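Everything quoted here is computed from the prediction, not taken from an experiment. These numbers come from the heavy atoms of this one structure, side chains and all, not from hydrogens, waters or symmetry mates.
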Amino acid sequence: MSVPAIVWALTGCIGLIGSNSLALGPIAPAIADGFDVEVQDIMLASAAFGLGTALGAIALGQLIDRAGPRRTLAYVMLIMAIGFISSGVAQGAVVLTISQFLVGISAGVALPAIYTLAAVVASPGHEGRTIGIVLTGWTISMVAGVPLSTLIADGLGWRAFYIAIAAAALIAGAGLSVNGQHETQRKGVASRTPITALTIKGVLPLLAACGCFMAAFYGVYAYVGDHLHVNLEYPVRATGLAAIFYGIGFGSAVFLDRYVDAYSGRRVLLPLIFLMVAVVYAVMSLVSGTYTGVLAVMAIWGLANHFGLNVLIMRLTALEPSQRGAIMGLNSAVTYLALFAGTIVMGKVYAAEGFVYITLCGGLLSLLASVFSLCAAYMQSPN
């Protein structure tokens with residue numbers, strides 16, 4: 001399969017967004033020292049990013065259908081660069097938080113635009129592989145972006161990290177704005193607001209599946225590090241290896257995405273994948289007492305989640321091509337609301353019952369995702 005150059009650009013855009021969202025935690029102590037505040041004050045910027053992403057996706061997702069995904073992505077990457085620069089020159093936690101809120105709003109439009117454009121430029125029959133390549137941007141941010149951010153912060157200061165990703169965002173935005181040959185999507189009559197896209201058959205159950213799937217992931221992933229450090233008494237650096245194993249599993253799945261294309265027409269494919277994810281959580285609960293067991297299951301978890309996210313995006317973007325942007329905007333909004341809710345609720349379960357119980361909750365949520373996706377499949381069935 002010949003991969004268009006723009007697919008690699010989309011992968012890079014995902015990597016930039018992921019690096020920003022994932023890097024704040026590791027460099028937060030350095031920023032807090034510079035501002036003479038607590039780390040918790042700095043992490044409010046992360047919450048602002050998530051809130052901005054959800055609001056941007058749900059309020060502005062329809063712009064993708066009106067202006068086209070490439071043009072929209074070019075503009076918001078330039079706006080995102082302004083947010084990165086503002087983050088890099090911030091003199092206090094409040095300005096940093098406001099800057100990250102701006103980055104979040106931009107990301108809320110950029111992410112659905114990226115997924116929409118990936119579906120548009122994919123060759124017929126190769127949608128799964130194309131979207132799979134774009135999704136490896138998350139792996140790049142996890143395996144390379146986060147370690148690189150800490151190296152830059154240690155060597156040049158944390159501000160240099162934001163200036164570096166601002167420069168990359170400017171290059172990406174400028175490149176997309178001058179290259180219009182891939183703007184092949186027909187711009188249909190965009191929905192007045194993304195909420196009206198909920199009336200499209202199959203959208204609601206797939207968004208419900210997305211919410212369950214993402215709440216399970218973010219809710220469990222948020223406490224893996226604490227479990228390894230506090231419960232298993234491993235050093236903090238050992239928790240970073242778990243993230244790397246997850247990223248390797250997620251990224252390596254791209255080599256198997258041809259099978260996603262081969263079976264993409266099967267309406268039970270997504271329910272089966274979510275069922276497989278539920279099994280992974282069950283295995284995680286069984287091996288959670290050993291470090292090597294957790295590392296192994298992290299890689300398998302990344303592999304399974306890649307397939308789940310890939311096929312979920314394929315299903316959503318195929319529902320109504322003229323409203324892909326609005327639909328993917330809703331998907332991004334649900335994703336980040338699930339991050340917020342899943343982390344809080346799972347945190348309470350973790351504090352009260354321990355890590356095994358949140359993995360079981362993750363399994364239950366994945367089973368619900370399987371049921372919702374099966375409902376969506378039968379709603380779309382001509383029979």
Side-chain angles (χ1 to χ4, degrees), residues 1 3 7 10-11 14 111-112 114-139 197 200-218 246 249-281 299-321 324 327-332 334-335 338 362-363 365-381:
M1 180 189 73
V3 180
V7 172
L10 298 178
T11 305
I14 288 282
L111 289 171
I114 290 168
Y115 295 144
T116 299
L117 190 52
V120 168
V121 303
S123 303
H126 297 289
E127 292 85 354
R129 274 171 281 188
T130 301
I131 294 174
I133 291 171
V134 172
L135 290 177
T136 58
W138 294 114
T139 298
I200 298 172
K201 184 183 295 186
V203 166
L204 273 174
L206 281 178
L207 289 178
C210 172
C212 293
F213 176 52
M214 291 300 177
F217 165 67
Y218 286 113
Y246 177 90
F250 192 95
S252 63
V254 71
F255 299 107
L256 302 174
D257 279 331
R258 63 181 182 274
Y259 297 110
V260 170
D261 288 322
Y263 294 98
S264 61
R266 305 286 181 87
R267 61 186 179 185
V268 297
L269 177 61
L270 187 56
L272 285 176
I273 291 174
F274 286 147
L275 187 61
M276 177 176 67
V277 174
V279 172
V280 172
Y281 284 119
I300 299 171
W301 189 24
L303 188 80
N305 277 357
H306 175 104
F307 291 138
L309 185 56
N310 190 339
V311 179
L312 177 63
I313 291 171
M314 287 177 61
R315 293 285 189 264
L316 284 166
T317 54
L319 290 177
E320 177 51 66
R324 277 174 173 153
I327 294 170
M328 293 312 298
L330 288 170
N331 173 74
S332 291
V334 168
T335 295
L365 285 169
S366 298
L367 287 176
L368 288 174
S370 181
V371 172
F372 283 128
S373 61
L374 188 61
C375 291
Y378 277 94
M379 288 176 68
Q380 290 295 302
S381 174

Could you walk me through whether Val277 and Phe307 pass the side chain to side chain contact (heavy atoms under 4.5 Å, CB included) test, one step at a time?
-> CA-CA 10 Å; Val277 174; Phe307 291 138; over 6 Å; no
Note, Met328 side chain near Leu316 side chain (heavy atom, < 4.5 Å) | yes
When rounded to the nearest 0.5 angstrom, what distance separates OG in Ser332 from CD1 in Ile114?
-> 9.0 Å
Over all atoms of both residues, closest heavy-atom pair of Ala304 and Val280 = CB-CG2, 4.3 Å
Inter-residue atom distance Ile131.CD1 - Thr136.OG1, 0.5 Å rounding | 12.5 Å
Given side chains that start at C-beta, do those of Phe213 and Asn305 come closer than 4.5 Å, heavy atoms only?
-> yes
Report yes if the side chains of Tyr115 and Leu10 come closer than 4.5 Å at any heavy-atom pair, otherwise no.
-> no
Hey, are the side chains of Thr317 and Ile327 touching, using non-hydrogen atoms and a 4.5 Å cut-off?
-> no
In Å and rounded to the nearest 0.5 Å, what is the CD1 to CG distance from Ile200 to Leu330?
-> 9.0 Å
Taking the side chain as every heavy atom from C-beta outward, state whether Val371 and Leu367 have any pair of such atoms under 4.5 Å apart.
-> no
Student check: side-chain heavy atoms of Phe250 and Leu309 closer than 4.5 Å | yes
Checking Thr11 side chain against Ile133 main chain: does a donor-acceptor pair fall under 3.5 Å?
-> yes
Rounded to the nearest 0.5 Å, what separation is found between the CE atom of Met214 and the CG atom of Leu207?
-> 11.5 Å
Gly249 and Ser252 have their tightest heavy-atom pair at O-OG, 3.0 Å
Does the side chain of Asn331 reach to within under 4.5 Å of the side chain of Pro112, using non-hydrogen atoms?
-> no
Any side-chain heavy-atom pair of Leu117 and Val7 under 4.5 Å | no
Value rounded to 0.5 Å, distance of CG in Leu206 from CD1 in Ile313 | 12.0 Å
Taking atom CG of Leu269 and atom CZ of Arg315, what is their separation to the nearest 0.5 Å?
-> 5.5 Å
